[in-house]
Amino acid sequence: MDTRLWADVTLLKGGATDAALAHIRTSDASGVLVRPGQLDGWEPLARIAVACLVTAEEAGRLDDERVETLIAASPQELDGVRAAAGDGAVGVRCEITDGDTMNEAASLCGTADVLVAAFADETDIPLELLLARAQGTRTQVYKQLLTSAETASVAGVLETGPAGLVIGAGHLADLDKAAAVLRAERHAQLDLVPL
């Protein structure tokens, strides 16, 4: 499985957003996570999927063919976003800070197409549990990285690792470094499987 790499610009504003989007267009990112107001600065690029972080109210107003996936800003917004999305792909962003929020995220596996897991620390054990819960369901787990240094360890979690990694606005300069680590990991996995 190829791990996808998303760039998250949802916390940026104004000129910082424009500069980040320009950088992402020239990077190896395979996706970008934006807020509805940031779509004005995005010109479609076939190799970069667009996901939009929304509340249920924003999802109801959003009608933009560039957006492939609507990501609910929280588990509480998921049902409303799903209703607004119709047949479109829907995801959810989960802030995982303790056992209760971990259980809440795990309970959403199978109910959303994408689950962006934002863990409070770099421990991979909760990620392993979440990946195991999502296995065999339609849910693709994406891990929001706290630092770009996490890339190598996270990409190798379990046999398949997460479906994607999300680089936050504070680490966009490391997009290409993370992409290189993912390519090396993919190559190493290929070398381990004799045909």
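Bear in mind the structure is a predicted one, so any value in this text is a computation, not a measurement. Numbers for residues simply follow the sequence, beginning at 1.
- Thr139 pairs by the side chain to side chain donor-acceptor pair (under 3.5 Å) definition with nothing, not counting sequence neighbours.
- Leu131 is not connected to Val166 by any chain of hydrophobic side-chain contacts under 4.5 Å among Ile, Leu, Val, Met, Phe, Trp and Tyr, and they are in different clusters.
- Hydrophobic clustering of Ile, Leu, Val, Met, Phe, Trp and Tyr side chains at less than 4.5 Å, counting indirect connections, keeps Phe119 apart from Val114.
- Between atom OG1 of residue Thr10 and atom CG of residue Leu33 there is a gap of 5.5 Å, rounded to the nearest 0.5 Å.
- Checking side-chain atoms of Arg4 against main-chain N and O of Tyr142 turns up no donor-acceptor pair under 3.5 Å.
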Name the atoms and distances for all side-chain donor-acceptor pairs under 3.5 Å in residues 70-79, with sequence neighbours left out.
{"from": "Ser74", "atom 1": "OG", "to": "Gln76", "atom 2": "N", "distance (Å)": "3.4"}
{"from": "Ser74", "atom 1": "OG", "to": "Gln76", "atom 2": "OE1", "distance (Å)": "3.2"}
{"from": "Gln76", "atom 1": "NE2", "to": "Glu104", "atom 2": "OE2", "distance (Å)": "3.2"}
{"from": "Glu77", "atom 1": "OE1", "to": "Ala56", "atom 2": "N", "distance (Å)": "2.7"}
{"from": "Asp79", "atom 1": "OD1", "to": "Arg82", "atom 2": "NH1", "distance (Å)": "3.0"}

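- Between Ile24 and Ser27, the closest heavy-atom pair is O-OG, 2.8 Å.
- Between the Arg93 side chain and the Val54 main chain, no donor and acceptor come within less than 3.5 Å of each other.
- Interatomic distance, Leu11 CG to Lys13 NZ, rounded to the nearest 0.5 Å: 7.5 Å.
- Rounded to the nearest 0.5 Å, atoms CG (Asp113) and CZ (Arg138) are 4.5 Å apart.
- Distance check, rounded to the nearest 0.5 Å: CG of Leu130 to CD1 of Ile96 gives 5.5 Å.
- Annotation for Pro36 and Cys52: closest pair N-SG, 3.5 Å, computed over non-hydrogen atoms.
- No donor-acceptor pair under 3.5 Å is formed between the side chain of Glu58 and the backbone N or O of Arg35.
- A continuous path of hydrophobic side-chain contacts links Ile48 to Val67 [ILVMFWY only; heavy atoms under 4.5 Å].
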- Working for side-chain contact (heavy atoms from CB on, under 4.5 Å), residues Val9 and Gln38: CA-CA 9 Å; Val9 299; Gln38 296 171 314; 3.8 Å; yes
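- Remark: Asp98 CG is packed, more than 12 non-hydrogen atoms of other residues, nucleotides or ligands lying under 6.0 Å away.
- Under a 3.5 Å cut-off, the side chain of Arg133 and the backbone N or O of Cys109 do not form any donor-acceptor pair.
- Nearest heavy atom pair, residue Leu115 against residue Ala105, reads CD1-O, 3.3 Å.
- Taken to the nearest 0.5 Å, the CG atom of Leu45 stands 4.5 Å off from the CZ atom of Arg25.
- Here the side chains of Val92 and Val81 are not in contact, with every heavy-atom distance at 4.5 Å or above.
- Within the 3.5 Å criterion, the main-chain N or O of Asp28 finds a donor-acceptor partner in the side chain of Asp176.
- Rounded to the nearest 0.5 angstrom, Arg66 CZ and Glu43 CD are separated by 7.0 Å.
- Residue Trp42 is tested with Asp64, Leu21, Asp18 for a side-chain contact (heavy atoms from CB on, under 4.5 Å); the sole match is Leu21.
- The backbone N or O of Ala169 lies less than 3.5 Å from no partner atom in the side chain of Asp8, so there is not a single donor-acceptor pair.
- When all heavy atoms are compared, the tightest approach of Ala20 to Leu172 is CB-CD1, 3.5 Å.
- In the hydrophobic clustering of ILVMFWY residues, with side-chain heavy atoms under 4.5 Å counting as a link, Leu12 and Val116 come out apart.
- Note: the hydrophobic cluster containing Leu53 does not contain Leu62 (ILVMFWY, side chain heavy atoms under 4.5 Å, direct or indirect links).
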